[in-house]
Amino acid sequence: MEKRNDGRLKLYVEDAGEQLNDVERQLLELESDVDAPDKDVLNDIFRCMHTIKGGGDFLGLTNITKLAHAAEDILEQLRSESRMLSKLDVERLLAAVDELKRLLADPEGSEDFDISALVLSLRDEDASQHTEPAKVDLNAGRNIKLGIPGTPDLFQVETDHLETWQQSEFNLFIVERTASDNEIERELLSGVEEVGYLVESDDKHILFRTVLSRTLTLKYLELSPSKLYGLRDQVGDLSESATFHPVGDQQLGKRSVHQPKPSESEIESVKKITNETANASSIRVNVSVLDDLMNLAGELVLTRNQLNQSVTNGDSQAINMAAQRLDTVTSELQESIMSTRMQPVSVVLDHFHRMTRDMSRKMGKHVRLVTKGEDVELDKSIIENIGDPLTHLVRNAIDHGIETVARRLEQGKDAEGTITIYARHEAGHVIIEVVDDGAGISSEKLTAKAIERGFIDQQTADQMSERDLLRLIFLPGFSTAEHLTDISGRGVGMDVVFTNLQRLGGSVDVDTVIGKGTKFRIKLPLTLTIVPSLLVSTQGESFAIPQVNLVELVRLSGDQKNRIEFVGDTAILRRRGQLLPIVWLHALFGMDTSAADAERRCDNIVVVASGDFHYGIAVEELTDSEEIVVKPLGAHLRSCREYAGATILGDGKAALILDVTGIADVAKLAEVTEAELEVADHVDRLLKKNGDEEKLLVLENAEDAYFAVQLAYVNRIERVPTSSLQLVGNKEVIKYRGGVLQVFRLEAGLNVSPIAETSSIFLIIFHMMGREVGLVVSNIIDVVDAASEVDRNTFLQTGVSGSTLINDRICLLLDTFALVKHLDPSLNADDPVQKNQNPASGLPATSARKTVLVVEDSVFFQDRLSELLQEMDSEVLLAEDGQAGWEMLDACKTPVDVVLMDVEMPRMNGLELTRRMRSDARFQTLPIVMLTSLAKESDIESGKAAGANDYLVKMDPEMVKQTVLKHFSAQSEARFVA
Amino acid sequence: MSQEITELALFRIGSDAYGIDIDHIQEIDRSLSFTKVFNADKSIKGVINLRGQIVTIIDLRQKFAYQEKPVDPLNRIIIVKFNNEVVGLLVDAMEDIIAYDPSKRDSRSAKREGIDQDFFAGIYKLDKELVIIIDVERVLKTDGELING
């Protein structure tokens with residue numbers, strides 16, 4: 001191809017591509033009514049093929065021309081009625097369309113494709129008789145002869161096909177043609193097409209496959225039993241070679257029909273085409289839109305002149321007018337430009353016809369696809385991205401929704417299932433519905449599966465609404481198909497639909513009636529690039545929240561602020577019977593919270609919706625409502641899920657757009673139930689009554705079995721249904737706050753009566769070995785002052801440090817840490833912080849041992865230093881890098897006396913950690929000893945500059961010891977003085 | 001750095017001189033009104049609006065483990081192209097642009113306590129001091145991203 005033809009070639013390829021899409025759609029239309037083809041449609045198809053042929057010829061694309069010519073020949077015969085349209089013809093023409101598309105995808109290399117076989121099949125010619133040798137496809141399966149008693153080789157079928165059919169549980173039948181009576185013939189043929197698929201036929205016999213049983217087939221076709229030969233019995237197991245007759249590849253093609261074999265890859269290719277079309281690099285724009293744009297551009301120039309002039313003259317009134325005009329022109333210009341980006345949904349929908357046809361054939365189902373509202377327009381960016389989710393939905397509908405023909409007939413439904421895709425505008429959004437009239441989704445099956453997979457438990461399931469249950473299918477790793485098939489149901493899919501649509505700012509809902517069908521309802525914004533948003537600010541920082549996510553705005557007046565309740569750390573606002581978790585923007589973003597009134601100033605709550613989940617974002621100010629232009633964030637910020645992008649404000653500054661779904665995830669917000677709130681209140685009251693941490697929490701496990709734990713060690717108290725406890729291996733666990741919490745029962749480790757049988761239990765949650773564990777008790781009795789008299793002998797056992805009398809009851813003082821360790825020794829293993837917890841006894845620890853935090857990434861040095869420090873009888877906390885060290889310091893309740901740290905560490909190095917500690921009031925005077933292998937003068941300088949007290953060369957044990965001791969003693973003195 | 005450097009742009013962080021291959025540079029920007037991106041990596045100073053484009057600004061001071069320092073008017077942003085994206089590098093000050101003389105390249109490799117040695121492509125000798133040449137691609141590489149060479 002010469003270079004100068006490039007532009008022309010591109011035009012041709014685009015144009016021919018569009019024409020082929022039309023042809024494909026029209027062929028499918030013809031296929032639905034082969035007996036009475038619409039002449040206009042035939043004419044249209046003919047014209048398209050003719051154009052493609054002509055263009056190809058002009059550009060010297062021989063193969064394309066040849067193929068289009070062969071197709072045109074068939075169409076000519078059909079058009080002139082010298083040939084009756086058959087399903088086979090449609091099949092061949094579709095094959096030609098597919099091949100043409102492939103050729104057009106690479107016009108330059110199109111001459112290298114071998115299209116001879118296809119051209120021959122289009123010409124009804126037998127490949128083997130042709131002088132050109134038929135291409136031998138080494139991958140093609142062998143052929144099998146099929147026949148009836150007496151004539152064993154009536155037909156030939158590829159073994160591949162047979163296998164596929166067998167897997168899909170097709171029965172093969174040969175039916176004897178009765179008479180030459182056309183009427184009956186036609187009835188028989190159409191009957192065969194209704195119950196299954198015609199595989200091959202000659203003048204005496206018809207070979208077809210169907211999912212129906214022999215009896216049903218006989219009934220349906222109204223045949224006498226002697227005319228119908230069941231081949232399935234004869235073929236039987238394919239490995240039995242005696243029942244069929246393989247022939248060589250050379251004879252391939254002889255009367256063997258080109259059989260469609262839609263494979264996964266073929267369906268993938270349909271998908272690819274969908275995407276390719278949608279992602280086309282050029283789009284068509286109506287000339288009138290271009291004219292509009294030109295006019296507006298003209299007006300823009302005029303307005304600019306006006307503005308320039310009035311600025312020069314200093315005429316403020318004129319400036320105002322010009323500004324107003326500019327505003328109007330800009331809006332109009334924006335609208336017009338947006339409209340050039342709008343594309344009809346048909347771009348995507350058109351491809352589903354073919355996909356449905358091919359897939360349903362493969363599945364042995366009869367499915368008709370109806371599309372409505374193809375003219376509805378959406379922004380290019382959305383069109384590009386709805387292909388995938390819609391493909392998933394349609395696939396699912398065909399695979400799981402629509403039943404097999406037999407099942408449908410049994411239920412008195414039409415043999416043919418219908419899938420409707422319906423697009424329409426609704427209140428500023430575009431709604432796309434994918435409706436099938438199939439089996440529907442059984443919420444019971446869904447629930448069972450969800451429980452089996454551990455997504456929910458029975459109790460939760462009982463409390464969930466039908467709608468919520470249905471939404472379970474959008475969870476990752478969920479599939480409703482009992483068997484996984486290669487078309488859909490690989491357990492991915494629905495969650496992909498969900499996340500894809502959510503990314504587009506859309507949502508999806510599902511509605512189903514058992515036996516009647518399923519409806520997926522997708523809601524999409526018209527465009528993604530310009531979105532109306534609410535601008536909010538906190539501590540002078542502005543953020544945009546897309547209007548689509550807004551539910552309402554709530555302003556808290558003074559007394560309402562007291563109505564905020566707490567469940568654990570989550571703040572809850574009660575709003576019209578709804579419990580809304582609240583997240584403070586300044587807290588989420590780690591802004592300056594030291595300002596005492598930081599929280600008080602945030603009296604505006606923006607209630608947002610992330611799917612069905614509503615929550616509030618507390619901000620200081622609501623600034624404005626504005627249409628903002630969405631700009632993507634760079635690669636370095638991709639991990640920040642709090643943001644959906646950025647925009648540029650009127651003052652030219654960049655502002656971030658909040659992603660409400662991301663924020664809910666990051667802030668770990670979850671729906672809160674009344675029950676949870678109630679427990680929280682109860683515990684709250686107990687704690688308020690005695691706010692001091694030097695208290696004991698009194699628990700009841702069984703009647704008259706009382707225990708007490710140090711309140712200071714309790715992280716949280718929760719009430720959960722007893723049924724939510726699960727045994728995994730030999731451990732008892734509960735799903736808790738998005739993770740798994742291991743729980744322990746008192747009776748497992750102590751010689752006490754087992755827990756009373758109730759429907760719900762209390763979990764006392766502790767921090768232990770860097771994670772949380774729960775202790776199961778049946779009730780919380782009270783919070784009391786620490787016991788004065790403790791009997792350390794009578795009830796002593798592992799996990800109990802003594803007993804005391806509280807309100808005339810004998811309470812066992814629990815040493816929870818010892819108890820848990822005793823129950824699950826594995827909790828000790830491989831835990832970097834194992835040595836950090838001073839085992840909590842029921843009484844406050846009195847040890848005066850020193851605690852040293854070792855921040856070191858090398859295990860070797862960790863061990864050496866631990867040894868060294870333990871020799872000195874001090875507690876050792878280990879952190880593998882600066883970040884971990886900081887987290888430990890930040891969270892740890894145990895005071896640390898000295899920090900030993902390495903300098904070079906991943907994530908956060910020693911210098912950074914030191915600086916960080918020094919900038920925090922809590923650690924300003926905490927002694928820091930830096931250990932490193934580098935001891936250049938400049939290194940020591942920078943270490944000291946960062947705030948380290950000492951800088952030591954690593955593994956000079958004596959030196960390390962001395963230095964640490966020095967700090968210990970210095971501290972003791974300081975304490976003494978204090 | 002696979003391609004031959006022709007010119008080096010010199011900049012300063014603290015008292016140290018650094019150099020960057022001029023071919024990487026799109027422009028030098030002096031607008032210093034950053035929009036802070038909360039919860040982002042600490043080496044990210046924020047984002048700016050560069051003629052309608054949102055550009056992420058990496059604080060080289062932070063990235064190269066220098067002590068934090070408030071932004072002053074001498075600070076500049078070196079705008080570089082990276083993976084089809086425009087990214088800004090915040091430096092203390094821009095200095096000079098010099099012709100690159102391969103013979104002045106020092107064979108030693110540059111090191112700085114506490115940061116990834118890969119950030120540096122080498123050392124370049126000037127009359128009065130040594131200049132550390134930075135490897136822009138490695139400095140800008142995001143997690144989980146592998147780069148060649």
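Keep in mind the model is a prediction, meaning the values are calculated, not measured. Residue numbering restarts at 1 for every chain, and letters A, B, ... go by the order of the sequence lines.
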Under 3.5 Å, is there a donor-acceptor pair between the side chain of B:Gln67 and the main chain of A:Ala946?
no

Toward chain B, the part of A:Ser639 with a non-hydrogen atom under 4.5 Å:
neither

To the nearest 0.5 Å, atom OG1 of B:Thr35 lies from atom CG of A:Leu649 at 7.5 Å

Any donor-acceptor pair under 3.5 Å from B:Asn49 side chain to A:Ala654 backbone
no

Report the relative orientation of the aromatic rings in B:Phe38 and A:Phe589; use parallel for angles under 30°, tilted for 30 to 60°, perpendicular for over 60°.
parallel

Does A:His636 reach the side chain of B:Ile58, with side-chain heavy atoms less than 4.5 Å apart?
yes

Taking side chain as C-beta onward, heavy atoms only, is A:Leu633 less than 4.5 Å from B:Ile54?
yes

Derivation and outcome, side chain to side chain contact (heavy atoms under 4.5 Å, CB included), residues A:Glu912 and B:Gln62:
CA-CA 10 Å; A:Glu912 287 170 286; B:Gln62 180 62 258; 3.9 Å; yes

Minimum heavy-atom separation for B:Ile44 and A:Leu637, please, with both atom names.
CD1-CD2, 3.5 Å

Region of B:Ile48 that comes under 4.5 Å of a non-hydrogen atom in chain A:
backbone

Below 4.0 angstrom, N of the basic side chain to O of the carboxylate: do B:Glu68 and A:Arg915 qualify?
no

Side chain, backbone, both or neither: which part of B:Lys42 has a heavy atom under 4.5 Å from chain A?
side chain

Identify which part of B:Val87 has an atom lying under 4.5 Å from any heavy atom of chain A, answering side chain, backbone, both or neither.
side chain

Between the side chain of B:Asn39 and the main-chain N/O of A:Cys640, is any donor-acceptor distance below 3.5 Å?
no

Neighbour count >12 (heavy atoms, 6.0 Å) for atom CZ, A:Arg922:
yes

Donor-acceptor contact present, side-chain A:Lys631 to main-chain B:Gly52, <3.5 Å:
yes

